[in-house]
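Note that ligands are numbered from 1 as they come in the structure, with each ligand's atoms numbered from 1 the same way.
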Amino acid sequence: MKFIDEYQNSELATKLARRIANHSTKPIRLMEFCGGHTHAIMRYGIRQLVPKTVEMRSGPGCPVCVTATSDLDKAIALAHLPGVIITTFGDIMRVPGSYSSLQQAKAEGADIRIVYSSIDAVEIAKANPRKSIIFIGIGFETTAPTIAASIIKAQKNEVANFYVLSLLKLTPPVMKALLDLGEVKLDGIVGPGHVSVIIGSYPYEFIPKNYGVACVISGFEPLDILLCIDKLVEQVESGKPRVEIAYRRGVKPEGNEKALELMGKVFEIDGANWRGIGIVPQSGLKINQKYQHFDADKVFSVDLKPAREPKGCRCGDILRGVAAPPECKLFGRVCTPENPIGPCMVSSEGACAAYYRYGASYE
Ligand code: SF4
């Protein structure tokens with residue numbers, strides 16, 4: 001197939017769904033790691049297309065959602081410092097912190113600007129030499145290379161008023177953490193497509209090897225996801241779990257070497273705090289010593305009150321795959337996209353937002 005609409009062909013989708021039904025004999029539980037997959041699964045009604053033997057659970061693959069409340073509180077506190085301009089992606093603005101949100105801070109007078117790339121933040125820094133420009137670095141391996149490139153660009157151009165609060169997170173270590181927790185028995189993982197474009201398929205080898213769990217990397221079109229589920233079912237049925245790529249047009253086993261090299265120049269691996277999971281060792285990217293003068297965490301200091309979670313919000317359980325959004329008592333009643341209580345209802349990749357938006361298909 002050459003064109004994207006071919007990956008949405010309903011006739012082929014029905015055939016694939018039939019094929020899955022034909023060789024799925026035992027109940028299995030799959031987790032789609034990525035929030036983009038959750039949205040596609042809900043949008044195209046894939047849960048209704050696959051047989052009842054295949055249960056789908058959402059995982060922790062929404063970068064805004066997994067940002068810990070304490071880290072969000074830090075970003076909000078930084079926004080209130082004099083002479084600071086916060087630059088950030090739009091999704092995080094409405095996420096409630098413990099006591100406020102970036103949106104509220106902006107309403108109170110903080111200078112917060114939405115950017116589409118961290119490179120734009122470097123330009124804002126150049127245009128505002130008397131201010132300190134802090135970019136809130138939220139994302140996974142997909143986002144990290146661009147942020148690394150921004151820091152290198154700032155260094156080359158001697159932009160001394162650009163800083164990054166790195167809240168970047170790594171995918172394979174949190175998959176390991178979830179498998180180690182063992183709260184939800186998984187038979188297979190729908191591997192993240194965009195992240196895998198960067199890191200390739202090798203970093204997932206531990207999943208079948210150490211946990212006996214199947215892992216197939218998927219694209220984001222309906223046929224991509226159905227093909228991925230087909231391969232996962234085949235692996236579980238045959239008792240031969242392994243790592244496969246069902247997104248060959250995007251992912252190479254070795255990943256993107258240039259992007260990995262960029263990340264390696266600027267970042268070092270450290271523990272990271274994940275909402276609902278806690279500190280996961282080796283699952284975050286911090287700015288290394290060579291570039292530490294760009295590290296907002298090292299340059300600025302803020303006093304933080306103890307973090308508190310939104311009352312009744314089950315985002316943590318949803319991100320660990322323990323609960324589905326409709327199991328939260330606030331879902332759709334108190335918590336809606338207009339009045340979000342937790343990040344999973346705010347973010348365009350959040351599971352609660354997906355279930356709310358494409359509601360008819362979860363019944
Ligand atoms: Fe949190 Fe709202 Fe989702 Fe409930 S429905 S888990 S309150 S975001």
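The atoms of ligand 1 that sit less than 4.0 Å from any heavy atom of C328 are 4 (Fe), 5 (S), 6 (S), 7 (S). Remark: ligand 1 atoms within the under-4.0 Å shell around heavy atoms of F331 are 5 (S). Close approach of ligand 1 to M345 (heavy-atom distance below 4.0 Å) involves ligand atoms 8 (S). Proximity to C352 (heavy-atom distance under 4.0 Å) selects the following atoms of ligand 1: 3 (Fe), 5 (S), 6 (S), 8 (S). Near I341, with a cut-off below 4.0 Å to any heavy atom, the atoms of ligand 1 are 7 (S). The atoms of ligand 1 that sit less than 4.0 Å from any heavy atom of R314 are 1 (Fe), 6 (S). For ligand 1, the atoms lying closer than 4.0 Å to a non-hydrogen atom of I318 are 6 (S).
Among the backbone and side-chain atoms of C313, an N/O/S atom is found under 2.8 Å from atom 1 (Fe) of ligand 1. Distances from atom 2 (Fe) of ligand 1 show that C335 has an N/O/S atom below 2.8 Å.
To the nearest 0.5 angstrom, L223 atom CG is 12.5 Å from C228 atom SG.
Side chain of D73 to backbone of A307: no donor-acceptor contact under 3.5 angstrom is found.
Close to ligand 1: C315, with a non-hydrogen atom less than 4.0 angstrom away.
Screening R242, R248, K240 for a salt bridge (charged side-chain N to carboxylate O under 4.0 Å, His left out) with E244, the sole residue that qualifies is R242.
Ring pair F89/F135 is perpendicular by interplanar angle, where above 60° counts as perpendicular and below 30° as parallel. Ring-plane geometry between F331 and Y356 is classed as perpendicular, the angle between the planes exceeding 60 degrees on a 0 to 90 degree scale with a lower cut at 30.
Side chains of S117 and T146: no donor on one and acceptor on the other come within 3.5 Å. In this structure, a donor-acceptor pair under 3.5 Å is present between the side chains of S196 and Y204.
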